[in-house]
Visitor: 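First the structure, which I've put down as structure tokens, then a few questions once you've had a look.
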Amino acid sequence: MDVDSPQANGMKRKGRKSNENKASYREDSESEDMPLSKRRRTSSKPVKPESDSESDVPLAKKPSAKDVNSLSKQKEKFEKRAEKEAKAIRKDAPKKVKQETPKGNTKKQTPSASAKAKKAVVKDEEVDEDEDEEYRWWENVQQGDGTKKWATLEHNGVVFPPDYEPLPKDVKFYYDGNPIDLHPEAEEVATFYGSMLHSTVNVENPTFNKNFFEDFQGYIKKTGGAKNAKTGDKVDIKSFEKCNFKHIFEWFDAEREKKKALPAADKKAAKAEKDKTEAPYQYCMWDGRKQKVGNFRVEPPALFRGRGEHPKTGRVKKRVFPEQITINIGKDATVPAPPEGHKWKEVKHDQEGTWLAMWQENINGAYKYVMLAANSDVKGQSDYKKFEKARELKKHIDHIRKDYQKNLRAEKMVDRQMASAIYLIDRLALRAGNEKGEDEAETVGCCSLKYENITLEPPNHVIFDFLGKDSIRFYDKVEVDPQVFKNLKIFKKAPKGRGDDVFDRLTTSGLNKHLQQYMTGLTAKVFRTYNASWTMANLLKDIKATGNVAEKVKIFNDANRRVAILCNHKRTVAASHENTMEKMTERINGLVYQQWRCKQMMLELDSKIKKKKGAEYFALPSQLDEEWVRKHQADLVAEQREKIQKKFDKDNEKRIAEGEKKMSGKELDERLEAVDELQKKFKKENKTKKVEPEGRGPSVEKLEQNIDKITQRIETMKVQSEDKEANKEVALGTSKINYIDPRLSVVFSKKFDVPIERLFSKTLREKFDWAIKSVDDDWEF
DNA sequence: AAACAGGACTCAGAAACCTCATT
DNA sequence: AAATGAGGTTTCTGAGTCCTGTT
């Protein structure tokens with residue numbers, strides 16, 4: 001092997017000490033566990049500080065690791081398909097290409113001609129009443145270079161958050177046990193913190209608290225200090241521990257309650273009022289067409305809630321004034337008036353931008369844009385382009401794969417790293433991984449993977465463990481090509497150690513530049529889109545049309561889930577999850593018990609049946625035990641008692657309402673007799689170990705039927721519960737919204753007769769209008 | 001000419017809100 | 001049949017990607 005030695009790489013992008021702590025360069029340090037433990041603490045999934053012993057990490061992952069394995073096998077199959085298809089596409093390229101161009105797009109259509117055509121189409125389709133003329137851009141996609149986004153643009157600017165309203169006199173921030181008077185500006189900052197005491201992820205994060213307190217102190221100083229509200233003495237606020245925001249929190253909480261408790265009519269009226277004042281901002285006119293604006297509200301001041309270990313989390317995000325806002329609008333349009341006594345920072349007429357307004361936030365200097373909503377034409381068009389780009393990759397994917405497979409053995413280190421990186425991006429759907437600054441959370445993507453994120457397990461298993469976008473953990477044990485394994489080992493060779501880049505010769509722009517050679521516009525992220533949609537397409541392809549709508553929807557969601565897992569889209573486990581799961585197992589156990597009782601009844605009816613079916617059949621199922629049975633019986637009894645009591649109370653209420661007399665306690669006792677009987681029955685069963693047959697004309701056959709029915713119910717419940725458990729930390733939404741070509745879903749809907757409403761919510765239907773209206777059931781990704 | 005800053009866009013999960021079933 | 005609560009939907013805004021222009 002003639003690879004450049006890693007040492008040759010003296011110049012690192014970021015000045016990192018690379019020759020200290022030699023001890024850690026030992027080869028075998030690779031196999032050490034390199035936990036992200038400390039970093040993980042504040043990530044969305046709180047991990048107990050002490051729980052980072054290696055044993056529990058793989059354990060927690062075990063079930064999903066199996067999934068991933070079967071998925072990767074399936075992926076292999078899909079890759080073969082991809083190769084075949086790529087070849088096929090190239091073979092009859094001339095034909096296909098013609099087909100691909102949108103129908104009716106004959107070379108240069110004059111705008112007026114296309115407008116006419118468009119009208120004609122609209123005419124013979126029934127038109128939505130309120131949508132006078134829809135613009136079917138997907139039937140005539142512009143080929144232009146796309147730099148000019150609009151010709152005319154009119155809009156009404158932005159909505160500012162309400163001014164700060166000081167707290168009532170009796171609601172105070174407390175310090176060292178004393179109520180404190182603050183200048184409204186400082187008090188506002190106190191309310192930022194005080195109103196979010198329930199947000200434990202933030203309020204229990206030391207960095208958050210430190211940053212907030214620093215800023216809070218600054219505000220107090222700037223506004224003339226804090227005073228004891230009783231004595232008027234100056235108070236020096238110097239210890240966060242002595243701060244008490246409870247009263248503020250309680251006030252906010254009470255306000256929330258008050259608002260919630262408002263009569264429905266009042267709530268409705270308030271909402272109508274708000275809608276009315278905001279109506280002018282909801283829409284804009286874009287090239288003469290009415291388009292929905294997305295986020296026309298300026299972000300209100302608050303505490304910055306950076307994700308993961310963001311160094312600036314907790315800092316005060318200041319109120320945005322008109323003087324900071326740049327407006328982008330058509331030359332001939334009326335510029336929206338800034339609030340009384342204010343003016344805009346600037347008014348632009350940038351036709352290459354799709355934004356209507358913009359400002360820079362004070363914490364990271366990040367740009368904030370007001371843009372159109374997801375259902376607008378511009379957004380739809382770029383969405384369409386994105387998926388077409390991904391589809392284009394189909395034609396090249398086999399070449400690209402062959403090429404990187406070959407280059408895994410390239411002589412030059414850069415080439416090898418390039419090939420290995422693309423391998424990972426393609427196989428694991430990793431993000432590109434730009435360099436990040438000092439004052440951001442330390443997260444990585446492919447190019448920025450660190451030494452400690454990769455653990456090599458001979459012969460060719462690699463464990464990836466890192467925090468990706470939004471500090472979401474990526475953990476996976478993957479079987480890789482032996483050459484990739486070798487390469488990674490080389491890339492990790494001493495003197496590299498903790499903190500060093502695995503791909504020290506790569507940058508995202510270099511990688512993307514390389515990708516452009518295969519296909520214009522090809523970048524790392526296209527692979528994510530391509531692989532997600534391609535996976536979905538193949539999963540759906542393998543489906544047979546059986547079952548009812550609900551079952552088909554489930555199949556669709558299962559495929560969706562596979563894609564979500566591929567993309568590592570996660571959510572935090574709902575607080576109620578464990579509880580729900582427990583309830584479900586209880587219910588299953590209840591059914592199992594019911595079933596067992598039926599079997600016992602059989603024994604009473606037919607003395608020979610025990611031999612016939614075997615003793616095993618009649619034994620108490622292993623998941624139940626004596627103790628559980630007792631408890632369950634008691635629960636059943638209590639449940640029934642409660643039910644009867646409730647019914648009794650209700651009946652009585654009714655009687656009173658109708659002017660009748662209340663029923664006596666005797667009546668209740670009588671009704672409760674059934675419960676007593678049940679209790680007695682259980683007692684007897686426990687004692688005699690026999691269950692008397694129930695129901696009219698009990699027979700072994702009937703019981704068997706009943707048992708079958710219960711088995712069915714148990715099965716469905718089990719599936720449900722397993723489903724729930726497997727899905728508890730998988731977020732389906734992100735892939736549905738951003739990665740799966742919506743036309744796939746539309747085709748599925750048409751082909752299998754599943755109403756599109758079952759797959760797409762209202763907003764998604766609007767966003768994917770172009771997909772819903774442009775394909776029929778033989779479209780393929 | 002690589003490296004870097006600026007800028008504009010897509011993608012991301014949490015929180016807020018709404019809805020509908022259950023009791 | 002009002003309350004509850006769980007699940008789905010929408011909003012919010014932070015966090016990426018990637019392009020461009022400048023040095």
Side-chain angles (χ1 to χ4, degrees), chain A residues 11 13 43-45 147 149 196 198-199 201-202 256 259-260 264 267 271 294-300 302 304-308 310 312-313 317 326 328 350 352-355 358 360-361 363-369 371-374 378-379 382-383 385-386 431-437 440-441 443-448 467-472 507-513 515-516 521-526 528-529 532 564 567-572 574-577 579-580 583 642-643 646-647 650 653 724 729 731-739 760-767:
Chain A
M11 19 53 112
R13 260 165 291 133
S43 92
S44 55
K45 190 171 55 179
T147 47
K149 306 289 173 33
M196 61 184 290
H198 56 299
S199 175
V201 240
N202 295 302
R256 275 190 280 256
K259 222 170 161 190
K260 222 166 64 188
K267 278 192 215 164
K271 186 156 185 296
N295 53 329
F296 53 83
R297 291 183 198 93
V298 173
E299 291 175 19
F304 175 71
R305 292 152 95 121
R307 315 267 175 94
H310 194 118
K312 294 189 178 176
T313 192
K317 189 175 73 174
T326 302
N328 193 31
D350 179 4
E352 296 185 5
T354 67
W355 51 276
M358 178 208 80
Q360 237 173 326
E361 148 260 24
I363 291 165
N364 306 297
Y367 296 88
K368 300 284 191 168
Y369 295 90
M371 292 188 190
L372 297 201
V378 240
K379 294 287 182 187
S382 60
D383 220 26
K385 274 189 194 155
K386 173 181 75 183
R431 295 186 187 83
N434 283 313
E435 285 300 321
K436 295 195 73 185
E440 294 176 273
T443 62
V444 302
C446 185
C447 291
S448 50
L467 298 182
K469 183 176 179 180
D470 290 290
S471 292
I472 296 297
T507 62
T508 50
S509 58
L511 185 118
N512 283 336
K513 207 181 236 171
L515 290 174
Q516 307 281 333
L522 182 60
T523 61
K525 85 192 265 287
V526 178
R528 248 167 102 79
T529 314
C567 296
N568 200 41
H569 290 143
K570 291 191 182 165
R571 58 173 178 175
T572 46
S576 56
H577 177 77
N579 206 359
T580 319
K583 265 188 203 157
E642 204 175 317
K643 226 179 193 167
K646 259 195 184 152
K647 175 107 178 22
K650 202 166 261 174
E653 263 172 53
K724 190 152 215 162
E729 57 174 6
L732 302 190
T734 308
S735 51
K736 197 191 257 190
I737 295 168
N738 301 301
Y739 286 102
F760 289 157
S761 67
K762 185 169 149 280
T763 35
L764 272 195
R765 288 197 301 277
E766 285 171 3
K767 167 172 171 158

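Chain letters run A, B, ... following the sequence lines, proteins first and then strands; every chain starts at 1.
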Visitor: Could you list all N or O pairs between the protein and nucleotides 8-13 of chain C that sit under 3.5 Å apart?
Guide:
| residue | atom | partner | partner atom | Å |
| --- | --- | --- | --- | --- |
| dT10(C) | OP2 | S761(A) | OG | 2.8 |
| dT10(C) | OP2 | T763(A) | OG1 | 2.2 |
| dC12(C) | OP1 | R297(A) | NH1 | 3.2 |
| dC12(C) | OP2 | R297(A) | NH1 | 2.9 |

Visitor: Looking only at non-hydrogen atoms, find the nearest pair between G433(A) and C447(A) and report the distance.
Guide: O-CB, 3.6 Å

Visitor: Looking at the side chain of T354(A), which of dT10(B), dA12(B), dC9(B) is the nearest nucleotide?
Guide: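 The answer is dC9(B).
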
Visitor: Checking all strands, does R528(A) fall into the base, sugar-phosphate, or nothing category for heavy-atom contacts under 4.0 angstrom?
Guide: sugar-phosphate

Visitor: Which nucleotide sits closest to the side chain of S199(A): dA12(B), dA15(B), dG16(C)?
Guide: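 In terms of side-chain proximity for S199(A), the closest of dA12(B), dA15(B), dG16(C) is dA15(B).
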
Visitor: So if I take every side-chain heavy atom of K724(A) and compare against dG13(B), dA8(B), dG7(C), which nucleotide ends up nearest?
Guide: dG7(C)

Visitor: Could you check whether S382(A) gets within reach of a base, just the sugar-phosphate, or nothing at all, counting any heavy atom under 4.0 Å?
Guide: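 If one applies the 4.0 Å heavy-atom cut-off, S382(A) turns out to touch the sugar-phosphate alone, with no base involved.
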
Visitor: Ignoring the backbone of Q516(A), work out which of dA12(B), dA15(B), dC19(C) is nearest its side chain.
Guide: dC19(C)

Visitor: Map R571(A) and V378(A) onto DNA chain B by nearest heavy atom, then report which one ends up closer to the 5' terminus.
Guide: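 Going by which nucleotide is closer to the 5' end, it is V378(A).
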
Visitor: Which part of the nucleic acid, if any, lies within contact of G733(A), taking any heavy atom under 4.0 Å across all strands shown: a base, the sugar-phosphate backbone alone, or nothing?
Guide: nothing

Visitor: Can you give me the closest heavy-atom contact between N295(A) and M371(A), atom names plus distance?
Guide: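 Heavy atoms only, the tightest pair is OD1-N, 3.3 Å.
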
Visitor: Classify the side chain of K469(A) versus the base of dC11(B) as yes if they form a donor-acceptor pair under 3.5 Å and no if they do not.
Guide: yes

Visitor: Counting just side-chain N and O atoms, does Y739(A) come under 4.0 Å of either OP1 or OP2 of dT10(B)?
Guide: no

Visitor: With heavy atoms under 4.0 Å as the rule, sort N434(A) into base, sugar-phosphate or nothing.
Guide: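 N434(A): base contact, heavy atoms under 4.0 Å.
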
